[in-house]
Student: 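Below is one structure. I have some questions about it.
Bear in mind the structure is a predicted one, so any value in this text is a computation, not a measurement. In each ligand, atom 1 is the first atom listed, and ligand 1 is the first ligand listed.
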Amino acid sequence: MAIPFRPRPVAPELRSEAATRLDLAHRPRRNRKAEWARQLVREHTLTVSDLIWPIFVMDGSDARAPVASMPGVERLTVDEAARESERAARLGIPAIALFPYTDPALRTADGREALNGNNLICRALRAIKATVPDVGLITDVALDPYTSHGHDGLLSSDGRVLNDETVAVLIEQALVQADAGADVIAPSDMMDGRVGAIRRALDGAGHLDAQILAYSAKYASAFYGPFRDAVGSSGCLKGDKRTYQMDSANGTEALREAALDIEEGADMLMVKPGLPYLDIVYRLKETFGLPTFAYQVSGEYAMIEAAARNGWLDGEKAMLESLIAFKRAGADGVLTYFAPRIAEILAREG
Ligand code: PBG
């Protein structure tokens, strides 16, 4: 049977095509025409190996407490943290960063609870190491979760944050953490000379393999607000941290800070906060080539999560887009409170 001839209908936009066609040598849209093509030309990928999961621990057992300014994030008792670390291991998240909510009764002007080998962080380190020995454990070195005034260091009688006296305490804090099983020591205090002092002390105590992840470029930032709620230091913080944390107007200064930390023995660098400081991530990675991490901090988490919960943006897409941005800027990995959710999405999507 003959198939009747039907002239092909011409779409209106094609009818005028000849008149409007641009004579282009390059049409970059060709490489975006289908998912397979986009996949083929994609420059960066986000994998579970890029994720470091920050966790807040608190006293007690079998309990979780929501952090009001970080919806979806909870403080965990040590046993719960160990359970969550099993989830991290199952998902393939390489490392966890631990932060303590210290009982206010234990906070003092000198932050001495930081040096207690049986403090919350040390108990959490031991419990998690015993549960998932192959997950890397990172601990913050800074006094703010332990001081009654909320600063990262010791104060002089006129309220200044003392540098060298603080470093002497931070050395002890690092040793206590390494003894309890910390794999990576992360000084987040921004005192001068602390990386070298901590390196010498770790080596002297035989912790030759304990890595130092230097918060080289840590800015005085409003984006830490929710974290300070989570560790309970916002209520007690007197003043601000601008005499030690960096001025957000400075970029080149971050290179000098990083150069010093590298000279002093840093194994890895960190930039913090994350998205507002992507230029710093890029410059540090380009200049030094060291493993460089970014911290997508509590305020960045809160912004995305709040908008998502209000239905103002697609939370999942925003999370993924924010994280690939770090990879594009050259980061080797990202500390993010989204880590377990991202790992689940990546596992689901294969
Ligand atoms: C402690 C410390 C802070 C953060 C990590 N370590 C707060 C601060 O410096 O005030 C912030 C992390 C976050 O906001 O998620 N020195």
Student: Should the pair K241 and Y244 be classed as cation-pi, given the thresholds of under 6.0 Å to the six-membered ring centre and 45° from the axis?
Tutor: no
Student: For ligand 1, list all ligand N or O to protein N or O distances below 3.5 Å, rounded to 0.1 Å.
Tutor:
| residue | atom | partner | partner atom | Å |
| --- | --- | --- | --- | --- |
| ligand 1 | 6 (N) | D140 | OD2 | 2.9 |
| ligand 1 | 6 (N) | K272 | NZ | 3.1 |
| ligand 1 | 9 (O) | K218 | NZ | 2.6 |
| ligand 1 | 9 (O) | Q245 | NE2 | 2.9 |
| ligand 1 | 10 (O) | R228 | NE | 2.7 |
| ligand 1 | 10 (O) | R228 | NH2 | 2.7 |
| ligand 1 | 10 (O) | K241 | NZ | 2.8 |
| ligand 1 | 14 (O) | S298 | N | 3.2 |
| ligand 1 | 14 (O) | S298 | OG | 2.7 |
| ligand 1 | 15 (O) | S298 | N | 2.7 |
| ligand 1 | 15 (O) | Y337 | OH | 2.5 |
| ligand 1 | 16 (N) | D144 | OD1 | 3.2 |
| ligand 1 | 16 (N) | D144 | OD2 | 3.4 |
| ligand 1 | 16 (N) | D152 | OD2 | 2.8 |
| ligand 1 | 16 (N) | S188 | OG | 3.0 |
| ligand 1 | 16 (N) | K218 | NZ | 3.0 |

Student: Any ion pair linking E84 and R90 (charged N to carboxylate O, less than 4.0 Å)?
Tutor: no
Student: Check this for me, if you would: do R348 and E316 make a salt bridge, where the nitrogen-to-carboxylate-oxygen distance has to be below 4.0 angstrom?
Tutor: yes
Student: Side chains of E300 and Y295: closer than 4.5 Å at any heavy-atom pair?
Tutor: no
Student: Hey, does L323 have a side-chain heavy atom less than 4.5 Å from the side chain of T336?
Tutor: yes
Student: For F56 and Y337, take the angle between the two ring planes, folded into 0 to 90°, and tell me which bin it lands in: parallel under 30, tilted 30 to 60, perpendicular over 60.
Tutor: parallel
